[in-house]
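Below is the structure I would like to discuss, written out as structure tokens.
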Amino acid sequence: MGWSYGEDWEYANYRLSDSIVIANNSPVFVLQVRMDGTATILDLEKGEEAIIPANLLEFDNLCTGFCNNNGRVYSVMRKPVRRWKQGLRGDNTLITSIEVGRVVPFNSRIVAKSLLSDYPTFKEALECLGKKRSVAWGKEWALTGDGKVHNFLSGIVGEIVDGAVKLLPNKQYLKEDLEESYAN
């Protein structure tokens, strides 16, 4: 969606090089948009370099959120900054460990995982919790080892009580969203 450069490949290179976007439903790092209308990319899932048609690069709807990486959950969000680059890069992306609430250095693997929608179910997340420090069961919902429930935009919103989420009194407005997350 959203190829807005026509055939101005030089401008496209200027805007997209050195950033993470989506191509063929997979996160890729754009190395270069070439003057022949192709792009040299690094597929972040496969770790392979490839040349693809540049108009396959998608950057309009880079949906970030929670992601699971090595037994931990990270929050990945785009900073609200005006930049001339599109895609996700170190200067416009914030990665935070939800367990300690600290910002971590830009990591293309974590950013790539945040763009994918590969999550366990809520039940599977509960079962994993003993083996992992934290686990997300969707882009918006995660659990930590201390039994806290996190929402991507609202922070800590509840806790696990008898295998179910108990929302804090002031977070009851999330109940419908939470129930929908169980179905996914």
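Residues: numbered from 1 along the sequence shown.
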Joint hydrophobic cluster, Ile20 plus Leu94, side-chain heavy atoms closer than 4.5 Å: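 Cluster IDs for Ile20 and Leu94 differ.
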Say whether Met77 and Val103 are linked into one hydrophobic cluster, either directly or through other cluster members, by side-chain heavy-atom distances under 4.5 angstrom.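 Both belong to a single hydrophobic cluster.
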Check Pro120 against Val135 and note the closest heavy-atom contact, atom names and distance.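 It is CG-CG2, 4.0 Å.
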Kindly work out whether a path of hydrophobic side-chain contacts (I/L/V/M/F/W/Y, heavy atoms less than 4.5 Å apart) joins Leu126 to Ile98.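 Leu126 does not cluster with Ile98.
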Can you find a heavy atom in the side chain of Leu57 that is under 4.5 Å from one in the side chain of Ile52?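 In contact.
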Whether the side chain of Asp43 engages the backbone of Glu48 through a donor-acceptor N/O pair (distance < 3.5 Å, no angle test) should be reported.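 Here the side-chain-to-backbone pair does not exist.
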Is any side-chain heavy atom of Phe29 closer than 4.5 Å to a side-chain heavy atom of Val111?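 No, their side chains stay 4.5 Å or more apart.
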How many angstroms lie between CG in Asn25 and CD in Glu45, if you round to the nearest 0.5 Å?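 Between Asn25 CG and Glu45 CD, I get 9.5 Å after rounding to 0.5 Å.
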When the ring planes of Phe122 and Tyr182 are compared, do they come out parallel, tilted or perpendicular, using 30° and 60° as the limits?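 Tilted.
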Return all side-chain donor-acceptor pairs below 3.5 angstrom for residues 155-165, not counting sequence neighbours, or 'none' if the list is empty.
none

Do you know the tightest heavy-atom contact between Ser97 and Tyr74?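 Closest heavy-atom pair between Ser97 and Tyr74: CA-CD2, 3.9 Å.
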Enter the distance from Gln32:CD to Ile51:CD1 here, rounded to the nearest 0.5 Å.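 Going from the CD atom of Gln32 to the CD1 atom of Ile51 covers 9.0 Å.
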Let's go through Tyr119 and Glu124 carefully: what are the C-alpha distance in whole Å and the side-chain angles of both, what is the deciding distance for side chain to side chain contact (heavy atoms under 4.5 Å, CB included) to 0.1 Å, and is it a yes or a no? CA-CA 9 Å; Tyr119 296 97; Glu124 292 167 339; over 6 Å; no
Could you grab the distance from atom CG of Leu56 to atom OG of Ser26, nearest 0.5 Å is fine?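 One gets 12.0 Å once the value is rounded to the nearest 0.5 Å.
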Following the transitive rule for hydrophobic clusters with a side-chain heavy-atom cut-off under 4.5 Å over Ile, Leu, Val, Met, Phe, Trp and Tyr, establish whether Val104 and Phe152 coincide in one cluster.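 Result: no, two separate clusters.
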Indicate yes or no: at least one non-hydrogen side-chain atom of Asp177 is less than 4.5 angstrom from one of Asn151.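 The answer is yes; the side chains approach within 4.5 Å.
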Taking Glu140 for its side chain and Leu153 for its backbone only, find out whether a donor-acceptor pair lies under 3.5 Å.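 No; zero donor-acceptor contacts below 3.5 Å.
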For Asp8 and Tyr14, run side chain to side chain contact (heavy atoms under 4.5 Å, CB included): C-alpha distance rounded to whole Å, both residues' side-chain angles, the deciding distance at 0.1 Å, then the answer. CA-CA 10 Å; Asp8 191 347; Tyr14 177 73; over 6 Å; no
Exercise: identify the closest heavy-atom pair between Ala142 and Val73: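 The pair with the smallest heavy-atom distance is CB-CG1, 3.9 Å.
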For the residue pair Leu129 and Gly145, what are the closest heavy atoms and their distance?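 Minimum heavy-atom separation between Leu129 and Gly145: CD1-N, 4.1 Å.
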Donor on one side chain, acceptor on other, Tyr173 and Ser154, under 3.5 Å: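 Yes, a side-chain donor-acceptor pair sits under 3.5 Å.
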Looking at Lys132, I want to see if its NZ is surrounded by more than 12 non-hydrogen atoms of other residues, nucleotides or ligands under 6.0 Å.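 No.
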Taking Leu143 as the starting point, is it possible to reach Phe66 by hopping between hydrophobic residues whose side chains are less than 4.5 Å apart?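 No, because Phe66 and Leu143 fall into different hydrophobic clusters, even though each may have its own neighbours under 4.5 Å.
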Considering all heavy atoms, the nearest Gly87-Phe59 contact: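 So the minimum-distance heavy-atom pair works out to N-CB, 4.5 Å.
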I'd like to know whether CD of Glu127 has more than 12 heavy-atom contacts from other residues, nucleotides or ligands below 6.0 angstrom.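 Atom CD in Glu127 is packed in, count exceeds 12.
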Please tell me if the side chains of Val28 and Leu44 come closer than 4.5 Å, counting only heavy atoms from C-beta onward.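 Side chain of Val28 against side chain of Leu44, heavy atoms only: no contact under 4.5 Å found.
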Over all atoms of both residues, closest heavy-atom pair of Lys79 and Thr93: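 In terms of heavy atoms, the two residues are closest at CE-O, 3.7 Å.
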Look only at the side chain of Lys139 and the backbone of Ser114, and say whether a donor-acceptor pair between them is shorter than 3.5 Å.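 Present.
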Under 3.5 Å, is there a donor-acceptor pair between the side chain of Ser19 and the main chain of Gln86?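 Present.
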To the closest 0.5 Å, what do you measure between CG (Leu31) and CG (Asn13)?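 Taking CG in Leu31 and CG in Asn13, the distance rounds to 10.0 Å.
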Contact between Leu88 and Arg78 at the side-chain level, heavy atoms closer than 4.5 Å - yes or no?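 Sidechains of Arg78 and Leu88: in contact.
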Counting only heavy atoms from other residues, nucleotides and ligands, does the tally under 6.0 Å from CD of Glu179 exceed 12?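 Count over threshold, so yes.
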The single option from Asn69, Asn107, Asp118 passing side-chain hydrogen bond (donor to acceptor under 3.5 Å, both in side chains) against Lys113: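 One option only clears the test, and that one is Asn69.
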What is the distance from atom CD1 of Ile95 to atom CZ of Phe106, rounded to the nearest 0.5 Å?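 It comes to 6.0 Å.
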Check step by step if side chain to side chain contact (heavy atoms under 4.5 Å, CB included) holds for Arg89 and Asp18. CA-CA 7 Å; Arg89 338 169 8 94; Asp18 300 325; 3.3 Å; yes
Got a salt bridge between Asp36 and Arg34, using NZ or NE/NH1/NH2 to carboxylate O under 4.0 Å?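 Salt bridge flag = yes for Arg34 with Asp36.
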Got a second to check how far Glu49's CD is from Ile41's CD1, nearest 0.5 Å?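 If I round to the nearest 0.5 Å, the distance is 8.5 Å.
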Run the side chain to side chain contact (heavy atoms under 4.5 Å, CB included) check on Arg72 and Ser134 step by step: do they pass? CA-CA 5 Å; Arg72 294 175 184 230; Ser134 53; 4.2 Å; yes
